[in-house]
Amino acid sequence: SPDFIQLGSSHAALVQPDTKPKGCAGCNRKIKDRYLLKALDKYWHEDCLKCACCDCRLGEVGSTLYTKANLILCRRDYLRLFGVTGNCAACSKLIPAFEMVMRAKDNVYHLDCFACQLCNQRFCVGDKFFLKNNMILCQTDYEEGLMKEGYAPQVR
């Protein structure tokens, strides 16, 4: 299971004047800044807590950082390196692990591919879609097929 932490307000601390300066786990220098970060039971300068791949800062409150194989990573790089890739059920092309997807039962789709496979109508939040013979259908196409063939509904 992934090792990740969500940075909350308790992870960013105001340094008290009477507190002995702490060493930064990133650069090994003393933290003399007004603020310091605490993550993974270590202290960091705000600029030193960053992704090992893309160097983006991970110290913003509410951001998530991931650790694996002694690396500290942002979500995108963690998924790129350690996530599971798959294939889109509509176009059969590869879906990178870091990409947002839509799911219907065991099928996974690119966001752009998640549309009625007969009329290409894109779905909006709250729209009903139907899965028939592993095809995604809009309500209109599903009901037309239902009248022609008389198949049982599988509302999703």
Side-chain angles (χ1 to χ4, degrees), residues 1-131 134-139 154-156:
S1 66
D3 185 9
F4 64 93
I5 64 166
Q6 181 96 24
L7 288 182
S9 57
S10 62
H11 292 90
L14 181 64
V15 178
Q16 300 299 319
D18 57 348
T19 306
K20 182 181 172 194
K22 303 198 179 337
C24 175
C27 68
N28 295 319
R29 294 196 304 268
K30 298 282 184 205
I31 303 172
K32 296 177 183 174
D33 302 351
R34 182 179 169 112
Y35 292 95
L36 58 79
L37 296 170
K38 184 176 182 185
L40 307 171
D41 293 324
K42 297 176 184 174
Y43 296 96
W44 308 79
H45 289 104
E46 287 180 283
D47 289 337
C48 291
L49 186 59
K50 57 190 177 182
C51 175
C53 287
C54 70
D55 276 347
C56 70
R57 287 176 53 162
L58 298 171
E60 277 76 30
V61 171
S63 66
T64 304
L65 63 88
Y66 295 75
T67 64
K68 190 159 183 159
N70 292 323
L71 296 171
I72 296 173
L73 302 165
C74 66
R75 181 181 187 276
R76 182 180 173 91
D77 285 322
Y78 174 83
L79 291 173
R80 187 174 57 80
L81 293 170
F82 302 109
V84 178
T85 59
N87 290 77
C88 177
C91 73
S92 301
K93 292 181 182 168
L94 188 72
I95 303 175
F98 57 81
E99 198 170 295
M100 297 288 285
V101 297
M102 294 297 291
R103 294 181 186 276
K105 284 197 169 182
D106 295 330
N107 295 346
V108 182
Y109 302 86
H110 293 106
L111 291 181
D112 289 341
C113 293
F114 194 72
C116 177
Q117 290 177 278
L118 291 181
C119 71
N120 293 320
Q121 175 190 320
R122 300 283 305 269
F123 298 104
C124 296
V125 175
D127 286 350
K128 286 183 182 175
F129 69 89
F130 301 81
L131 199 58
N134 238 8
M135 285 179 60
I136 303 170
L137 302 174
C138 67
Q139 189 162 3
Q154 294 181 12
V155 179
R156 294 284 168 251

- prompt: Looking only at atom types and distance, does a side-chain atom of H110 sit under 3.5 Å from a main-chain N or O of L94, one as donor and one as acceptor?
  reply: yes
field: R29 atom CZ, neighbour heavy-atom count above 12 within 6.0 Å
entry: no
Separation of C113 SG from R122 CZ (nearest 0.5 Å): 8.5 Å
- prompt: What class does the angle between the rings of F123 and F114 fall in, given that below 30° is parallel, 30 to 60° is tilted and above 60° is perpendicular?
  reply: tilted
query: At their closest point, which heavy atom of I31 faces which heavy atom of H45, and how far apart are they?
result: CA-NE2, 3.6 Å
field: side-chain contact (heavy atoms from CB on, under 4.5 Å) involving C119 - partner list, sequence neighbours excluded
entry: C116, Q121, C138, D141
Counterpart residues, salt bridge (Lys or Arg N to Asp or Glu O under 4.0 Å), relative to R103 (two or more places apart): none
query: Just by modelled atom types, is the S92 backbone N or O under 3.5 Å from a matching donor or acceptor in the N87 side chain?
result: yes
Pairing residues for A25 by the side-chain contact (heavy atoms from CB on, under 4.5 Å) criterion, not counting sequence neighbours: K42, W44
- prompt: If we only count heavy atoms from C-beta on, is the C51 to I72 side-chain gap below 4.5 Å?
  reply: no
field: Pairing residues for E99 by the side chain to side chain donor-acceptor pair (under 3.5 Å) criterion, not counting sequence neighbours
entry: none
query: R75: what forms a salt bridge (Lys or Arg N to Asp or Glu O under 4.0 Å) with it, not counting sequence neighbours?
result: none
- prompt: Do L131 and K105 touch side chain to side chain, with heavy atoms closer than 4.5 Å?
  reply: yes
query: Can you tell if the side chain of K50 reaches within under 4.5 Å of the side chain of C56, non-hydrogen atoms only?
result: no
field: Side-chain touch L118/M135, heavy atoms, less than 4.5 angstrom
entry: yes
- prompt: Where the side chain of D77 meets the backbone of C74, is there a donor-acceptor pair that is under 3.5 Å apart?
  reply: no
message: What I'd like to find out is whether the side chain of E46 reaches to under 4.5 Å of the side chain of L37, using heavy atoms alone.
response: yes
task: Count the heavy atoms belonging to other residues, nucleotides or ligands that lie under 6.0 Å from CZ of R76, then report whether that count exceeds 12.
output: no
- prompt: Which value, rounded to the nearest 0.5 Å, describes the distance between Y78 atom OH and L71 atom CG?
  reply: 11.0 Å
task: Taking side chain to side chain donor-acceptor pair (under 3.5 Å) as the test, write out the residues that go with Y43, two or more places apart.
output: none
- prompt: Do V101 and L111 touch side chain to side chain, with heavy atoms closer than 4.5 Å?
  reply: no
- prompt: How about I136 and M102: do any of their side-chain heavy atoms sit closer than 4.5 Å?
  reply: no
- prompt: Above 12 or not: heavy atoms from other molecules or residues under 6.0 Å from CG of D106?
  reply: no
- request: Identify the heavy atoms of A104 and Y109 that sit nearest to each other, and give their distance.
  value: CB-CE1, 4.0 Å
- prompt: Atom NZ of K68 and atom CG of L73: how far apart are they, to the nearest 0.5 Å?
  reply: 10.5 Å
